[in-house]
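Every chain is numbered from 1 and lettered A, B, ... according to where its sequence line falls, protein lines coming before strand lines. Scope of the values below: all heavy atoms of this structure, side chains included, with no hydrogens, waters or symmetry mates.
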Protein chains: 2
Amino acid sequence: MAKTGDRARAAAEPALSTLDFALDRGSPVPLYHQLAQQLEAAIEHGVLAPGNLLGNEVDLSVRLGLSRPTVRQAIQSLVDKGLLVRRRGVGTQVVHSHVRRPLELSSLYDDLEAAGQGPTTQVVRNETVPAPAGVAAALGLAEGGEVVLLERLRRTHGQPVALLGNYLPPGLLDLDSARLEATGLYRMLRTAGITLHSARQTVGARSATAQEAARLDEKEGAALLTMQRTAYDDTGRPVEYGTHIYRASRYSFDFQLLVRS
Amino acid sequence: MAKTGDRARAAAEPALSTLDFALDRGSPVPLYHQLAQQLEAAIEHGVLAPGNLLGNEVDLSVRLGLSRPTVRQAIQSLVDKGLLVRRRGVGTQVVHSHVRRPLELSSLYDDLEAAGQGPTTQVVRNETVPAPAGVAAALGLAEGGEVVLLERLRRTHGQPVALLGNYLPPGLLDLDSARLEATGLYRMLRTAGITLHSARQTVGARSATAQEAARLDEKEGAALLTMQRTAYDDTGRPVEYGTHIYRASRYSFDFQLLVRS
DNA sequence: TAGTGGTCTAGACCACATG
DNA sequence: ATGTGGTCTAGACCACTAT
């Protein structure tokens, strides 16, 4: 059995059989992760065709010299990424593509950089101020307590794109303006050993005030995209509250959702 | 060892020990899922305090009469939900709350219903039309081929909230206008056995045209929140393209992100 | 009936964090 | 040195799908 080629159905044959995976048991990277990476690469490069594939887990584990749970763990991670779909009694298939990245807690800086837009940042304000009520509530601080206020103007190709307001608990981070202009806030947080865990966001829209319009090189009343975000580290401590406005004519949020099942 | 109460540290003791979990091996619901549900309920109700908890997996598995992998699977599912955090060498902790729901592929109808807004829907158009270029591309159809165009106006408290445009491949679904007004498109898809798998979304903003303003009871030029979405089923086949506009004064997107680690 | 993924077990050893 | 989660094994039985 397991003869390929005796059935020329619409469903593609598991091209997987011709693939060989290089698993390094001496590597510090887990076997299931090595396998997942190589499977993902095979899918990415089209070696594993979308539609139908990936003959059964038991054979695969034998062929790779791994246990079935380990192989399952690798496959599961790709299922979680939306690249594969399992069907009981049928098999595991490569999804018909269309899969991009899930929405990430990325900074605008990273977004723009990834899009090759060569962002630049100008720090407009960087000072300690009393916390406004909403900010204090979001950060779990006393109203009127000190917070660091950061205000930045982001440009691409010399054109303003966004006005970024951020509030951070005092003493959390050394906010050097020069570094902020070079690298983005979220990257600085990561570098400082603060691991972001979750964030709560609200995305809306409104018309630009005269002042906002002037700063963003828009007309008064132009549509702006707005975003408020509170970010938490992995202990659940709030580490940042941001209130941002984007020129709707030059920026939009673009992302992929996966349905919980 | 495992004596509780001999250390009164800031870190909370595992209140878990006093909890008993009811596991039914005869139930069709998997043991790991039963455990996960009961852990989640305990967290939800504050029985498991945020901050620090959940003594080691081995003891827990012995106490519950489960294998460690099964217990791990339960815990992992809550880690994926953002309710728990694992730290090697330390233990598993309940996150400091602030965790809401991740962004779901929910319909506006569901959103509003969940918010107790009592939405109503008016089907404005429901007909077969030639596919515009962008729509044909999104749905993987020939340009000018037939698609079903659905246009709906959604209200809460009698006030317009959104203008929803949807394109669907022909023959996918029986789109009865009366049922659409009663239940929402996504629910109808689910009922028809179409399981959504992923979606690609773009969220932006722009100013209302005169016509849009009239239909949404806004002034011309008012800020609108826009969303385009292509949804795919689990074979990767596009099943819906939507282009929606929302009154920014009455609606915003609100969601929780978890950072991939 | 045969083949697939879904669940579960009872161990083992390792890497990392803490005292 | 100890305790934790992280990884891995080699089986087993079940539920579902297809033929």
> Can you tell me if Gln76(A) and Arg86(A) form a side-chain donor-acceptor pair at under 3.5 Å?
Replying inline: yes

>> Measure CD/Gln76(A) against C1'/dT7(D) and give the value in whole Å, please.
In response: 16 Å

> Under 4.0 Å between a side-chain N/O of Arg86(B) and OP1 or OP2 of dG6(D), yes or no?
Replying inline: yes

>> Go nucleotide by nucleotide along DNA chain D from the 5' end; which of Val71(A) and Gly89(A) gets its closest nucleotide reached first?
In response: Val71(A)

> Is there any salt bridge (Lys or Arg N to Asp or Glu O under 4.0 Å) pair reaching into residues 24-39 of chain A, and which pairs are they, with sequence neighbours excluded?
Replying inline: none

> Between Arg25(A) and Glu57(B), who's closer to the 5' end of DNA chain D by nearest nucleotide?
Replying inline: Glu57(B)

> Rounding to a whole Å, what distance do you find between Gln93(B):CD and dA17(C):P?
Replying inline: 14 Å

> Sequence neighbours excluded, which residues qualify as side-chain contact (heavy atoms from CB on, under 4.5 Å) partners of Ser77(B)?
Replying inline: Ala36(B)

> Quick one: salt bridge (charged side-chain N to carboxylate O under 4.0 Å, His left out) partners of Arg179(A), sequence neighbours excluded?
Replying inline: none

> If you look at every strand shown and take non-hydrogen atoms under 4.0 Å, does Arg72(A) touch a base, only sugar-phosphate, or nothing?
Replying inline: base

Listed pairs, N/O of protein and of nucleotides 10-14 of chain D, under 3.5 Å:
residue, atom, partner, partner atom, Å
dA12(D), N6, Arg68(A), NH1, 3.3

>> So, does Asn56(A) get its side chain near the phosphate of dG3(C), meaning an N or O under 4.0 Å from OP1 or OP2?
In response: no

> Whole Å only: how far is the CD atom of Gln73(A) from the P atom of dG6(D)?
Replying inline: 10 Å

>> Rounding to an integer number of Å, can you tell me how far Leu23(B) CG sits from dC8(C) C1'?
In response: 13 Å

> Any salt bridge (Lys or Arg N to Asp or Glu O under 4.0 Å) pairs touching residues 28-37 of chain A, not counting sequence neighbours?
Replying inline: none

>> If I take atom CG in residue Leu64(B) and atom C1' in nucleotide dC8(C), what distance separates them, rounded to the nearest angstrom?
In response: 14 Å

> Given dT7(D), is OP1 or OP2 found less than 4.0 Å from the side-chain N or O atoms of Thr70(A)?
Replying inline: no

> Do any pairs count as a salt bridge (Lys or Arg N to Asp or Glu O under 4.0 Å) and have a residue in residues 39-50 of chain A, sequence neighbours left out, and if so which ones?
Replying inline: Glu40(A)-Lys81(A)

> Strictly by modelled atom types, are Glu240(A) and Tyr186(A) linked by a side-chain donor-acceptor pair under 3.5 Å?
Replying inline: yes

> Between atom CG in Leu60(A) and atom C1' in dT4(C), what is the gap in whole Å?
Replying inline: 13 Å

> Under the side-chain hydrogen bond (donor to acceptor under 3.5 Å, both in side chains) test, which residues partner Ser67(A), sequence neighbours left out?
Replying inline: Thr70(A)

>> Please list all pairs meeting salt bridge (Lys or Arg N to Asp or Glu O under 4.0 Å) that have one or both residues in residues 67-78 of chain A, counting only residues at least two apart or in different chains.
In response: Glu57(A)-Arg68(A), Glu57(A)-Arg72(A)

>> Near DNA chain D, counting only heavy atoms under 4.0 Å, which residues of residues 28-37 of chain A show up?
In response: Pro30(A), Leu31(A), Tyr32(A)

